[in-house]
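No hydrogens, no waters, no symmetry mates; every other heavy atom, side chains included, goes into these values. By convention here, the first residue in the shown sequence is residue 1.
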Amino acid sequence: MKKFWKILVLTLIAVFTAAAITTAAPNPIVDQNKALSQQDTKAITGRINELNRKHSISIGVLLITVPDSKQSGSVASGFLTQGGYDKASKGGIVLLLDMKGHNWYIATDKKLGQVITPEYGVKRLGTNIVANLKKNDTPAPAIGNFLTGIDTLTEYYEKNGKAMTKDDETKAIAEK
């Protein structure tokens, strides 16, 4: 019964957070923890909008506290679909950062999941997120690095018709 209530509460959090995004001004960032300054929020929102237009994708960022870290994936995936991020022509992606629980989760829909694969792309983005969070008190650099990673991975896919792998990235770096 306790598990049922946890799942219910987490589902309601995801639904109400998504509802807040879809009914408010189109802001791709939900910062319930107030971890970002207004200046950072504005800069990140601008970069997200730029990438959304450039690649025909939809990016969302959630800065929330998830009561049970095992539910981070469900909350992020729920936000992806409930927030409409999966409606973009080339797919959607949501980054969930739980600043209190020190957890992160990246959810993609099927379309963008072919571009940013769980085997390499998501792990690559996650490694950069963790490295940036360890260095900074604010999540802004981690989110900025996440967005740069999305741009790199998406550009590679658009140019080569396949998702980037570690070998592909190593070869591209060696050629520079």
Side-chain angles (χ1 to χ4, degrees), residues 10-11 13-32 36 41-64 66 71-98 103-133 139-169 171-172:
L10 291 171
T11 302
I13 289 171
V15 169
F16 288 124
T17 302
I21 280 291
T22 57
T23 58
N27 185 358
I29 301 171
V30 173
D31 185 5
Q32 289 181 344
L36 296 172
T41 300
K42 187 175 180 180
I44 292 167
T45 299
R47 180 71 171 134
I48 288 172
N49 291 335
E50 174 191 331
L51 293 174
N52 287 348
R53 281 189 303 277
K54 179 179 177 182
H55 299 295
S56 299
I57 60 176
S58 187
I59 303 168
V61 176
L62 278 173
L63 296 152
I64 64 173
V66 180
Q71 299 298 321
S72 295
S74 298
V75 172
S77 296
F79 188 73
L80 178 75
T81 56
Q82 295 292 325
Y85 292 92
D86 61 339
K87 303 292 186 246
S89 65
K90 293 189 180 173
I93 186 168
V94 169
L95 168 65
L96 180 147
L97 288 177
D98 179 351
N103 295 312
W104 62 272
Y105 193 89
I106 297 171
T108 63
D109 68 348
K110 289 183 181 183
K111 289 181 254 178
L112 204 55
Q114 294 175 342
V115 176
I116 302 172
T117 62
E119 298 81 28
Y120 179 69
V122 171
K123 287 180 183 177
R124 179 184 182 275
L125 294 173
T127 301
N128 291 339
I129 290 166
V130 171
N132 275 277
L133 289 175
I143 296 167
N145 201 281
F146 167 75
L147 296 173
T148 300
I150 290 173
D151 192 24
T152 300
L153 294 167
T154 306
E155 278 182 352
Y156 183 87
Y157 185 86
E158 290 168 350
K159 184 178 178 182
N160 298 290
K162 67 175 190 151
M164 182 184 280
T165 65
K166 184 169 180 64
D167 292 340
D168 296 328
E169 187 170 30
K171 188 175 8 174

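How far OG1 of Thr108 is from CG of Asp86: 10.5 Å, rounded to the nearest 0.5 Å. In this structure, CD1 in Ile143 is found 5.5 Å from CG in Leu97, a value given to the nearest 0.5 Å. In this structure, CD1 on Ile93 lies 9.0 Å from CG on Asp109, to the nearest 0.5 angstrom. Put simply, NE2 on His55 and OG1 on Thr154 are 5.0 Å apart, with the number rounded to the nearest 0.5 Å. Between Leu51 atom CG and Glu155 atom CD the span is 8.5 Å, to the nearest 0.5 Å.
Ile129 approaches Ala142 most closely through the heavy-atom pair O-CB, 3.9 Å. When all heavy atoms of Glu158 and Lys90 are compared, the closest pair comes out as OE2-NZ, 4.1 Å. Here the shortest heavy-atom pairing between Gly113 and Pro118 reads O-CD, 4.2 Å. Scanning both residues, Tyr85 and Ile59, for their nearest heavy atoms gives CE2-O, 3.4 Å.
Under the 4.5 Å side-chain criterion, counting only non-hydrogen atoms from C-beta, Pro28 is not in contact with Val61. Put simply, the side chain of Leu36 reaches to within 4.5 Å of the side chain of Ile44, judged on heavy atoms. Ile57 places a side-chain heavy atom less than 4.5 Å from the side chain of Ile150. When side chains are defined from C-beta on, Leu95 does not count as touching Tyr105, because their heavy atoms never get closer than 4.5 Å. Residues Thr117 and Lys123 are not in side-chain contact: their nearest non-hydrogen atoms beyond the backbone lie 4.5 Å or more apart. For the pair Val30 and Leu63, the minimum side-chain heavy-atom distance is 4.5 Å or more. Side-chain contact between Leu96 and Trp104: absent, with no pair of heavy atoms (C-beta onward) separated by less than 4.5 Å. No side-chain heavy atom of Tyr120 sits less than 4.5 Å from a side-chain heavy atom of Leu125.
The pair Lys166-Glu169 does not count as a salt bridge, with every side-chain nitrogen at least 4.0 angstrom from each carboxylate oxygen. With respect to Lys162 and Asp168, a salt bridge is recorded, a charged nitrogen being found less than 4.0 Å from a carboxylate O.
Tested against Tyr156, the residues Thr152, Leu153, Asn160 include a single side chain to side chain contact (heavy atoms under 4.5 Å, CB included) partner, Asn160.
Within the 3.5 Å criterion, the main-chain N or O of Thr148 finds no donor-acceptor partner in the side chain of Asp151. Formation of a donor-acceptor pair under 3.5 Å by the Lys111 side chain with backbone atoms of Ala88 is found in this model. In this structure a side-chain-to-backbone donor-acceptor pair under 3.5 Å is present from Asn132 to Asn128.
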For side chain to side chain contact (heavy atoms under 4.5 Å, CB included), just list the numbers for Val66 and Ile64, CA-CA rounded to whole Å, side-chain angles, deciding distance to a tenth of an Å, and then say yes or no. CA-CA 6 Å; Val66 180; Ile64 64 173; 4.1 Å; yes
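Every side chain to side chain contact (heavy atoms under 4.5 Å, CB included) that Asn103 has, sequence neighbours left out, goes to Ser69, Ser72, Asp98.
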